[in-house]
**Q** 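The structure's right below; bear with me while I get my questions together.
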Amino acid sequence: MVGDPMLRIAETLESQLRAAMERAFPDAAAAARQAGPGLDPQLAPASKPEFGDFQANGALPLAKPLGQPPRKIAEAVVEQLKADPAFNALCQDPQIAGPGFINLTLKPERLAAEVQVRLGDQRLGVPAVEQGAPVVVDFSSPNIAKEMHVGHLRSTIIGDSLARVLEFRGHPVLRLNHVGDWGTQFGMLITHLKQVAPEALNTADAVDLGDLVAFYRQAKQRFDEDETFQTTSREEVVKLQGGDPVSLKAWGLLCDQSRREFQKIYDRLDIRLSERGESFYNPYLERVVADLDAAGLLVVDDGARCVFLEGVSGKDGKPLPVIVQKSDGGFNYATTDLAAIRYRFGADPEGDAARRVIYVTDAGQANHFAGVFQVARRAGWVPEDGRLEHVPFGLVQGEDGKKLKTRAGDTVRLRDLLDEAVERAEADLRRRLEEEGRSEDEAFIQQVATTVGLAAVKYADLSQNRITNYQFSFDRMLALQGNTAPYLLYAVVRIAGIARKGGDLEAVASAGSEPLRFAEPQEWALVRELLKFDAVIAEVEEELLPNRLCTYLFELSQVFNRFYDQVSVLKAEEPARSSRLALCRLTADTLKLGLGLLGIPTLERM
RNA sequence: GGGGCUGUAGCUCAGCCGGAUAGAGCGACGGUUUCCUAAACCGUAGGUCGUGGGUUCGAGUCCCGCCAGCCCCGCCA
């Protein structure tokens with residue numbers, strides 16, 4: 001078990017700095033400890049490479065209380081630091097800069113040693129947690145009888161990536177597909193089909209998914225316009241939820257059909273997912289309502305059973321309700337979500353015993369989840385140390401800046417999007433082959449086009465901070481230049497090329513090799529970039545922001561491309577050659593692992 | 001009316017616990033290939049961080065007001 005070298009260095013430095021500050025200013029330290037956690041060295045990664053590896057800003061806030069200029073304070077701290085042999089073993093002489101920053105640069109041999117450690121480590125310096133309670137990641141969640149469209153892409157890809165990161169860290173992850181297979185929509189659809197296409201309700205594959213989508217649209221329209229249809233649909237839902245065999249059979253057929261279509265998309269995108277739809281929680285709904293009642297949280301209002309939220313008021317200043325049972329007796333999505341929360345945190349045979357539950361849905365549902373989470377907490381269904389998190393992402397907007405709506409008909413189907421991505425990647429590849437006079441067989445072209453096209457789609461989505469809305473654009477999403485998946489894949493390909501031309505990447509990673517020797521600034525830049533990986537993974541695990549990983553991998557690729565451009569590897573003399581090969585090896589491993597955590601496979605040639 | 005999110009270069013976006021001269025990509029302009037894949041590299045131009053206050057040694061970042069866009073607000077999910 002290697003631990004997390006860079007993180008450990010940061011912690012070591014922090015405690016050394018704190019000790020130095022306390023020796024320099026014992027009175028201030030005592031006072032700070034009295035008031036709170038004590039003196040804070042404010043250690044942070046250096047904001048610019050020329051400042052070294054770390055900067056400590058802790059001298060500045062002391063200027064006022066101590067009545068001394070901050071640079072003088074920094075000098076006193078530095079003096080104490082230089083008296084610490086452990087510090088001197090780690091760092092070069094600290095520099096004081098600007099108004100009173102203390103800049104720290106790690107000793108080169110220390111950095112080289114860290115690279116060496118990671119070369120021999122499968123996990124590249126990222127520690128594995130002890131196996132603990134499961135983490136539930138609820139993502140993708142398409143609706144039965146609807147086709148997956150671009151809106152589902154974000155949830156699917158972001159959720160998958162978060163699950164991969166959590167799994168890599170060693171958490172047992174439950175990837176749950178909370179498909180919309182229950183509720184009013186089925187009442188609508190079954191009622192409509194009974195009238196216009198009854199065969200679809202008792203014969204498998206009597207209609208295909210495209211037809212089903214059309215029927216759904218018609219049913220939705222009738223539901224919005226026709227009060228009688230609305231009532232019949234609601235009755236149908238109650239029958240279904242009550243276990244009526246005819247309704248159940250029809251429902252089962254519809255689900256099977258959609259499920260097969262979803263699976264095709266998941267297979268293409270290499271998404272692993274356990275289906276556990278809304279219907280799964282049906283047997284628990286009554287108890288949810290009963291227990292809310294027993295807890296004294298339930299209020300009947302206008303015939304509906306509600307829990308009124310604390311701290312959230314609606315139009316008239318009245319608290320906002322979460323409706324858990326409709327006036328017609330039917331349950332709705334809030335009830336299902338409550339049952340799901342309870343089940344996921346619940347103890348083993350009747351639950352998942354999770355400690356962290358993550359929902360990857362669009363930001364439009366933020367209010368809904370805030371309400372449901374509050375009710376679950378007040379009902380006592382979230383354990384003390386349980387984390388219940390909504391991971392919202394921005395809406396996919398049309399060219400008009402408005403939400404892309406299913407009903408509007410201008411939705412881009414996910415399968416069409418993926419097809420287009422692969423086609424564009426293929427056309428681009430064929431053009432390159434032509435220009436470069438290369439000749440490749442058809443299998444190679446298909447393989448590369450598929451990988452590049454799908455990677456471009458995934459990366460386009462993941463590389464953006466998920467919280468902001470984005471305007472859907474084929475050109476932007478499928479761009480193959482700049483900060484895109486192909487740029488990262490290309491860096492891997494370049495390293496594979498070095499290996500093909502005689503660079504032994506296996507040997508440099510074996511134990512007992514010569515110490516690494518670096519001299520060029522491009523080498524040091526790459527070393528420093530490589531050593532950030534573990535901190536990035538820790539951050540993604542905590543913040544659930546895959547774009548941080550994307551940014552890192554892009555920067556690593558940039559630094560590598562500069563290195564590759566300006567420093568030759570294979571033609572270098574020893575020991576530079578082996579040391580550079582080692583950097584190539586670790587870069588490739590880091591990119592492969594990092595891209596893998598984004599759900600993107602790499603290539604040897606492209 | 002209430003609530004949430006967003007507003008940073010021509011466009012699309014990063015910007016971590018408040019830290020030094022606000023960064024990328026695209027687009028524009030100019031350059032680099034007898035050498036490991038040029039899907040690359042280097043350079044130039046481009047900014048009142050929506051706006052007005054406040055907090056403090058220091059604010060794109062925190063607090064308040066305002067403006068703009070999007071989303072949500074009782075029996076759809």
Side-chain angles (χ1 to χ4, degrees), chain A residues 40 42 44-45 47-48 51 55 57 60-64 70 97-101 103 141 143 180 182-185 188 220 223-224 234 278 301-306 312-317 320-328 330 332-334 336-337 361-368 370-371 392 394-395 397 401-403 428-429 432 436 438 452 463-465 467-471 473 475-476 479-484 486-487 489-491 493-503 535 539 543 545 547-548 550-551 554-555 558 561-562 564-566 568-571 584 605-606:
Chain A
D40 181 5
Q42 295 196 13
S47 56
K48 291 188 179 202
F51 300 151
Q55 59 184 57
N57 309 332
L60 290 134
L62 288 177
K64 203 172 194 184
F101 302 115
N103 289 339
S141 308
N143 291 316
W182 212 236
T184 309
Q185 56 200 8
M188 283 158 37
K220 171 75 178 157
F223 187 85
D224 289 342
R234 292 223 170 93
E278 295 171 348
D301 198 70
D302 267 353
R305 311 181 83 179
C306 317
V312 191
S313 51
K315 287 179 183 145
D316 38 12
L320 223 56
V322 169
I323 295 175
V324 294
Q325 190 162 22
K326 300 184 281 189
S327 48
D328 64 8
N332 62 9
Y333 64 116
T336 303
D337 281 336
T361 80
D362 70 88
Q365 298 189 51
N367 290 344
H368 162 67
L395 296 162
Q397 299 177 319
K402 296 270 170 76
K403 181 180 178 178
D428 188 72
L429 176 60
R432 282 172 207 281
E436 294 164 23
R438 284 166 64 189
V452 169
S463 60
Q464 200 155 142
N465 185 328
I467 202 71
T468 46
N469 292 348
Y470 73 83
Q471 231 179 44
S473 152
D475 287 336
R476 236 176 284 133
L480 303 177
Q481 317 287 330
N483 183 7
T484 63
Y487 182 85
L489 292 174
Y490 185 63
V493 163
R494 284 181 138 182
I495 297 168
I498 290 175
R500 268 197 308 279
K501 298 281 169 67
E539 192 185 338
E543 311 281 335
L545 291 170
N547 68 303
R548 295 274 163 83
C550 294
T551 300
F554 176 59
E555 283 168 0
Q558 278 184 311
N561 275 326
R562 274 175 216 138
Y564 180 94
D565 203 62
Q566 293 158 28
S568 77
V569 176
L570 293 177
K571 287 181 180 150
C584 290
R605 296 194 302 125
M606 64 191 272

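So you know, we letter chains A, B, ... as the sequences are listed, proteins then strands, and number each from 1.
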**Q** Any side-chain N or O of A/Asn57 less than 4.0 Å from the OP1 or OP2 oxygen of B/rC17?
**A**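 For A/Asn57, the contact criterion (side-chain N or O under 4.0 Å from OP1 or OP2 of B/rC17) is not met.
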
**Q** Does A/Asp362 contact B/rA77 through a side-chain donor or acceptor facing the base, at a distance under 3.5 Å?
**A**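 Under the 3.5 Å cut-off, the side chain and the base do not form any donor-acceptor pair.
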
**Q** Can you tell me the distance, in whole Å, between the NE2 atom of A/His368 and the C1' atom of B/rG3?
**A**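 A/His368 atom NE2 is separated from B/rG3 atom C1' by 16 Å.
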
**Q** Listed by chain and number, what are the salt bridge (Lys or Arg N to Asp or Glu O under 4.0 Å) partners of A/Arg605, not counting sequence neighbours?
**A**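 For A/Arg605 the salt bridge (Lys or Arg N to Asp or Glu O under 4.0 Å) partners, ignoring immediate neighbours, are A/Glu440.
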
**Q** How far does the P atom of B/rC17 sit from the matching atom of B/rC35, given to the nearest Å?
**A**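 About 47 Å, rounded to a whole number of Å.
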
**Q** How far, in whole Å, is B/rA77 from B/rC72 if one measures between their C1' atoms?
**A**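 Straight-line distance between the two C1' atoms is 13 Å.
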
**Q** Please report the distance separating the P of B/rG30 from the corresponding atom of B/rC62, rounded so that it comes out in whole Å.
**A**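 One P to the other, the span is 42 Å.
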
**Q** Can you check whether A/Ser463 has a side-chain N or O nearer than 4.0 Å to OP1 or OP2 of B/rA24?
**A**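 No, A/Ser463 has no side-chain N/O under 4.0 Å of OP1/OP2 on B/rA24.
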
**Q** Return no unless some side-chain N or O of A/Gln185 is found under 4.0 Å from OP1 or OP2 of B/rA77.
**A**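 So the side-chain polar atoms of A/Gln185 never come under 4.0 Å of the phosphate oxygens OP1 or OP2 of B/rA77.
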
**Q** If the condition is salt bridge (Lys or Arg N to Asp or Glu O under 4.0 Å), which residues does A/Arg234 pass it with, not counting sequence neighbours?
**A**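 Not a single residue meets the salt bridge (Lys or Arg N to Asp or Glu O under 4.0 Å) criterion with A/Arg234.
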
**Q** Test for a donor-acceptor pair under 3.5 Å between the base of B/rA20 and the side chain of A/Gln55, counting only N and O atoms.
**A**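 Present.
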
**Q** Between atom CG in A/Asn469 and atom C1' in B/rG69, what is the gap in whole Å?
**A**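 Atom-to-atom, A/Asn469 to B/rG69, this comes out as 9 Å.
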
**Q** Can you list everything that forms a side-chain hydrogen bond (donor to acceptor under 3.5 Å, both in side chains) with A/Ser141? Sequence neighbours excluded, please.
**A**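 Once residues adjacent in sequence are excluded, the partners of A/Ser141 under the side-chain hydrogen bond (donor to acceptor under 3.5 Å, both in side chains) criterion are A/Asp138.
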
**Q** Is there a side chain to side chain contact (heavy atoms under 4.5 Å, CB included) between A/Arg548 and A/Asn465? Walk through the geometry before answering.
**A** CA-CA 8 Å; A/Arg548 295 274 163 83; A/Asn465 185 328; 5.6 Å; no

**Q** To the nearest Å, give me how far apart CG (A/Asn332) and P (B/rA77) are.
**A**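 Interatomic distance, CG of A/Asn332 to P of B/rA77: 5 Å.
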
**Q** Listed by chain and number, what are the ring pair (Phe, Tyr, Trp, His ring centres under 6.0 Å) partners of A/Tyr487, not counting sequence neighbours?
**A**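 Applying ring pair (Phe, Tyr, Trp, His ring centres under 6.0 Å) to A/Tyr487 gives A/Phe554.
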
**Q** Keeping A/Asn469 on the side-chain end and A/Leu395 on the backbone end, is there a donor-acceptor pair under 3.5 Å?
**A**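 A pair under 3.5 Å: yes.
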
**Q** Applying a 4.0 Å non-hydrogen cut-off, can you work out what A/Pro61 is touching in the nucleic acid: base, sugar-phosphate, or nothing?
**A**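 Base contact.
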
**Q** Under 4.0 angstrom, heavy atoms only, what part of the nucleic acid is A/Asn103 near: base, sugar-phosphate, or nothing?
**A**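 Base, at least one base heavy atom under 4.0 Å.
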
**Q** Syn or anti for B/rC29, with syn set at within 90° of 0?
**A**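 Here the answer is anti: the torsion falls beyond 90° from 0.
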
**Q** Can you list everything that forms a side-chain hydrogen bond (donor to acceptor under 3.5 Å, both in side chains) with A/Glu278? Sequence neighbours excluded, please.
**A**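 By the side-chain hydrogen bond (donor to acceptor under 3.5 Å, both in side chains) rule, A/Glu278 matches no residue at all.
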
**Q** Which residues satisfy the side-chain hydrogen bond (donor to acceptor under 3.5 Å, both in side chains) test with A/Arg432, sequence neighbours excluded?
**A**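 A/Asp428.
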
**Q** For A/Asn367, which contact category applies under a 4.0 Å heavy-atom criterion: base, sugar-phosphate, or nothing?
**A**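 It contacts base atoms.
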
**Q** Which nucleotides of nucleotides 30-41 of chain B have their base under 4.0 Å from a protein heavy atom (B), which only their sugar-phosphate (S), and which neither (-), written as one string 5' to 3'?
**A** -----SBBSBSS

**Q** Step by step, would you call A/Thr184 with A/Phe223 a side chain to side chain contact (heavy atoms under 4.5 Å, CB included)?
**A** CA-CA 10 Å; A/Thr184 309; A/Phe223 187 85; 3.7 Å; yes

**Q** Considering only atom P, compute the distance from B/rG2 to B/rU12 and round it to an integer number of Å.
**A**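 My reading of the P atoms in B/rG2 and B/rU12 gives 30 Å.
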
**Q** Base, sugar-phosphate alone, or nothing: which one does A/Gln42 contact when heavy atoms must sit under 4.0 Å apart?
**A**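 The residue A/Gln42 makes base contact.
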
**Q** Base, sugar-phosphate, or nothing: which does A/Asn547 touch, judged by heavy atoms less than 4.0 Å apart?
**A**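 The answer is sugar-phosphate, as A/Asn547 gets under 4.0 Å only of primed atoms, P, OP1 or OP2.
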
**Q** Return the value, rounded to whole Å, for the distance between atom CD1 of A/Ile323 and atom P of B/rC73.
**A**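 These atoms are roughly 11 Å apart.
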
**Q** Polar-atom pairs under 3.5 Å, protein N or O versus N or O of nucleotides 49-51 of chain B: list them with distances, or write none.
**A**
none

**Q** Does one side chain, of A/Arg494 or A/Asn561, offer a donor that lies under 3.5 Å from an acceptor on the other?
**A**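 Their side chains do contain a donor-acceptor pair, which is all the 3.5 Å distance test asks for.
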
**Q** Select base, sugar-phosphate, or nothing to describe what A/Ala363 touches, counting heavy atoms under 4.0 Å on all strands.
**A**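 If one applies the 4.0 Å heavy-atom cut-off, A/Ala363 turns out to touch nothing in the nucleic acid.
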
**Q** Nearest nucleotide by nearest heavy atom, which residue falls closer to the 5' end of RNA chain B, A/Asn483 or A/Thr468?
**A**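 Taking each residue's closest nucleotide, the earlier one in sequence belongs to A/Thr468.
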
**Q** By the 4.0 Å heavy-atom rule, please label A/Ala97 as base, sugar-phosphate, or nothing.
**A**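 The residue A/Ala97 makes base contact.
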
**Q** At under 4.0 Å between heavy atoms, what does A/Pro321 touch on the DNA or RNA strands: base, sugar-phosphate, or nothing?
**A**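 Contact class for A/Pro321: base.
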
**Q** If you check the A/Leu320 side chain, which of B/rC17, B/rC73, B/rG4 turns out closest?
**A**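 Of all the options, the side chain of A/Leu320 is nearest to B/rC73.
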
**Q** Mind checking ring pair (Phe, Tyr, Trp, His ring centres under 6.0 Å) for A/Tyr490 and listing every partner two or more places apart, or none if nothing turns up?
**A**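 If we apply the ring pair (Phe, Tyr, Trp, His ring centres under 6.0 Å) test to A/Tyr490, skipping adjacent residues, there are no hits.
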
**Q** Taking only residues two or more places apart in sequence, or in another chain, which ones meet A/Asn57 in a side-chain hydrogen bond (donor to acceptor under 3.5 Å, both in side chains)?
**A**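 Once residues adjacent in sequence are excluded, the partners of A/Asn57 under the side-chain hydrogen bond (donor to acceptor under 3.5 Å, both in side chains) criterion are A/Gln55.
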
**Q** Tell me whether the OP1 or OP2 atom of B/rG15 has a side-chain N or O from A/Asn465 closer than 4.0 Å.
**A**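 Checking A/Asn465 against B/rG15: at least one side-chain N or O falls below 4.0 Å of OP1 or OP2.
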
**Q** What nucleic acid atoms does A/Gly180 come within less than 4.0 Å of, heavy atoms only: base, sugar-phosphate, or nothing?
**A**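 Result for A/Gly180 = nothing.
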
**Q** Just how far, in rounded Å, is P of B/rG58 from CG of A/Asp40?
**A**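 Roughly 19 Å, once rounded to whole Å.
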
**Q** Identify whether any heavy atom of A/Phe554 sits under 4.0 Å from a base atom; if not, whether one sits that close to sugar-phosphate; answer base, sugar-phosphate or nothing.
**A**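 Sugar-phosphate only.
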
**Q** A/Leu429: what forms a side chain to side chain contact (heavy atoms under 4.5 Å, CB included) with it, not counting sequence neighbours?
**A**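 Applying side chain to side chain contact (heavy atoms under 4.5 Å, CB included) to A/Leu429 gives A/Leu433, A/Ile445, A/Val448.
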
**Q** Give me the distance, rounded to whole Å, that separates B/rA9 from B/rU48 when you measure between the P atoms they each carry.
**A**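 Approximately 8 Å lies between the P atom of B/rA9 and that of B/rU48.
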
**Q** So, is A/Thr184 near the phosphate of B/rA77, with a side-chain N or O under 4.0 Å from OP1 or OP2?
**A**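 Result: yes.
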
**Q** Is a donor on one side and an acceptor on the other found under 3.5 Å between the side chain of A/Asp302 and the backbone of A/Ala304?
**A**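 Not a single qualifying donor-acceptor pair exists.
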
**Q** Both distances under 3.5 Å, Watson-Crick or G-U wobble: on that basis, could you give the dot-bracket string for RNA chain B, with [ ] for crossing pairs and | for other-strand partners?
**A** (((((((..((((.....[...)))).(((((.......))))).....(((((..]....))))))))))))....

**Q** What's A/Asp302 touching, base or sugar-phosphate or nothing? Going by heavy atoms closer than 4.0 Å.
**A**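 Base, at least one base atom sits under 4.0 Å.
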
**Q** Expressed as a whole number of Å, how far does the P atom of B/rA40 sit from that of B/rG47?
**A**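 Pairwise P distance, B/rA40 against B/rG47, rounds to 26 Å.
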
**Q** If I pick the C1' atom on B/rA59 and the same atom on B/rG43, what distance separates them, to the nearest angstrom?
**A**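 Going atom to atom, C1' in each nucleotide, I get 33 Å.
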
**Q** Give the intermediate values and the outcome of side chain to side chain contact (heavy atoms under 4.5 Å, CB included) for residues A/Met606 and A/Leu489.
**A** CA-CA 8 Å; A/Met606 64 191 272; A/Leu489 292 174; 4.0 Å; yes

**Q** Work out how far the P atom of B/rG53 is from that of B/rC70, and round it to whole angstrom.
**A**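 That atom pair is separated by 28 Å.
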
**Q** Tell me whether the side-chain N or O atoms of A/Thr551 pair up with the base of B/rA14 as donor and acceptor below 3.5 Å, since no angle test is needed here.
**A**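 Flag unset: no donor-acceptor pair detected.
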
**Q** Rounded to whole angstrom units, what separation is found between the CZ atom of A/Phe51 and the C1' atom of B/rA20?
**A**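 Those two atoms, CZ and C1', are 5 Å apart.
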
**Q** In terms of the nearest nucleotide of RNA chain B, which residue is placed more toward the 5' end: A/Trp182 or A/Gln464?
**A**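 Checking each residue's closest nucleotide, the 5'-ward one belongs to A/Gln464.
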
